[in-house]
**Student:** 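Have a look at the structure that comes next, please.
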Amino acid sequence: MKVLGFESSCDETGVALVETRDVGPPRLLAEALHSQAAMHADYGGVVPELASRDHIRRVLPLTRQVLAQAGCTLAEIDVVAYTRGPGLAGALLVGAGTAVALAAALGRPALGVHHLEGHLLSPFLAEHAPRFPFVALLVSGGHTQLMDVKGVGDYRLLGETIDDAAGEAFDKSAKLLGLGYPGGPELARLAASGNPKAHTLPRPLLHSHDLDFSFAGLKTAVMTLARKLGPELSEQTAADIAAATQAAIVEVLVTKSLRALAATGRRRLVVAGGVGANHALRGALDRGCARIGAQVHYPPLALCTDNGAMIALAAALRLQHGLADVRSDGAFDVKPRWPLQELNP
Ligand code: KG4
Ligand code: ZN
């Protein structure tokens with residue numbers, strides 16, 4: 001079975017084709033991605049209306065590219081999947097409308113996918129796929145959650161951020177340091193030449209007994225520190241603040257992930273979402289998990305941030321497990337707000 005997937009929830013247009021196999025997880029046949037980061041950079045963040053219009057411009061050329069790359073015709077597609085939410089309503093509607101129209105024209109069913117389920121299952125596209133059950137650390141621009149995952153479609157929330165997401169903490173701190181958008185990768189690059197011990201920043205909720213996070217106070221602390229050391233920050237001072245910020249975020253994420261493994265008795269951790277591309281986080285999680293004898297799984301680096309492959313994959317896995325809510329009536333909706341746990345039976 002071949003599944004074509006569309007991702008358009010925020011500022012990346014992603015299209016991908018996966019194929020299910022009798023043994024092992026579905027295989028990625030081809031994928032194409034267009035990032036709008038450069039377009040939004042002038043505004044310091046995503047402009048929803050511009051995002052929607054750009055998705056419209058990109059989605060069909062990317063689809064042709066994917067089909068050509070896979071050597072596949074439209075007639076060979078069995079199901080068309082799209083991100084149904086959460087995300088920007090207008091942006092979601094572009095992928096959903098395209099997918100449902102294409103499915104109707106082909107006489108095939110369409111399937112709406114939860115964006116975070118896509119992230120969460122994306123490590124199944126890695127060379128060493130995880131096995132269920134596992135704890136998932138979901139760290140994206142809008143979400144920071146720890147989930148206990150027993151299988152496809154079985155997600156129990158263990159803890160989440162009570163304010164800003166980890167990606168938001170990276171982005172907002174980067175903005176305070178005058179870095180470009182998106183701030184996470186920029187801050188990580190600058191942090192590489194900084195001393196994380198030059199400054200001590202707060203580790204919010206580090207010692208709380210729950211598995212929740214709070215990152216809003218961190219950006220305030222970064223702002224206060226930058227003002228104290230400013231108004232003009234030398235390259236080295238900015239790098240030191242970046243390193244200290246990254247160290248604070250990483251320590252909280254690692255500590256809570258290890259605590260979640262201990263609390264659930266799981267032996268595997270799956271990390272997904274844009275912040276999962278962060279090298280310092282990966283290094284610290286690798287060391288932490290090795291220390292307690294747990295395995296840690298990541299998606300391939302290029303599939304940490306938003307992409308079509310994870311949407312096609314999540315749809316394929318749902319179909320294989322008989323959990324897919326497919327529609328063939330040409331109707332669709334999008335869900336800008338949509339808690340992942342609502343997927344549980
Ligand atoms: O999952 P994602 O692509 O989009 C959402 O669904 O939100 O995550 C984007 C987030 C942004 O906050 C971005 O700054 C962050 O992931 N990010 C990083 C890195 N790469 C992306 N944060 C830290 N280090 C990175 N290398
Ligand atoms: Zn995402």
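For ligands, and for the atoms within them, numbers begin at 1 and follow the listed sequence.
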**Student:** Would you say Leu301 and His279 make side-chain contact, with heavy atoms under 4.5 Å?
**Tutor:**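 SC-SC contact between Leu301 and His279 confirmed.
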
**Student:** Between Phe170 and Phe215, is the ring centroid distance below 6.0 Å?
**Tutor:**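 Aromatic pair excluded; centres sit 6.0 Å or further apart.
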
**Student:** Is the closest side-chain donor-acceptor distance between Asn307 and Glu31 under 3.5 Å?
**Tutor:**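 No pair is found: no donor N or O on one side chain lies under 3.5 Å from an acceptor on the other.
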
**Student:** Is the His119 ring parallel, tilted or perpendicular to the His115 ring (thresholds 30°, 60°)?
**Tutor:**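 Perpendicular, since the angle between the ring planes exceeds 60°.
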
**Student:** Output the set of protein residues with a heavy-atom contact under 4.0 Å to ligand 1, ordered first by chain identifier and then by residue number.
**Tutor:**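 Under the 4.0 Å cut-off, ligand 1 touches His115, His119, Ser140, Gly141, Gly142, Gly167, Phe170, Asp171, Gly184, Pro185, Gly273, Gly274, Val275, Ala277, Asn278, Thr305, Asp306.
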
**Student:** Can you tell me if Thr73 and Glu76 form a side-chain donor-acceptor pair at under 3.5 Å?
**Tutor:**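 Side chains of Thr73 and Glu76: pair found under 3.5 Å.
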
**Student:** Spell out the protein N/O/S atoms under 2.8 Å from the Zn ion (ligand 2) as residue plus atom name.
**Tutor:**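 For the Zn ion (ligand 2), the protein N, O and S atoms that sit under 2.8 Å away are His115 NE2, His119 NE2, Asp306 OD1.
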
**Student:** Is Asp11 close to Tyr181 at the side-chain level, that is, under 4.5 Å between some pair of heavy atoms?
**Tutor:**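 Tyr181 vs Asp11: side chains touch.
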
**Student:** Any side-chain to backbone donor/acceptor pair from Tyr155 onto Gly153? Under 3.5 Å, distance only.
**Tutor:**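 Yes.
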
**Student:** Is there a side-chain contact between His114 and Trp338 (heavy atoms, below 4.5 Å)?
**Tutor:**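 Yes, their side chains come closer than 4.5 Å.
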
**Student:** Hey, does Leu317 have a side-chain heavy atom less than 4.5 Å from the side chain of Pro26?
**Tutor:**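 Sidechains of Leu317 and Pro26: in contact.
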
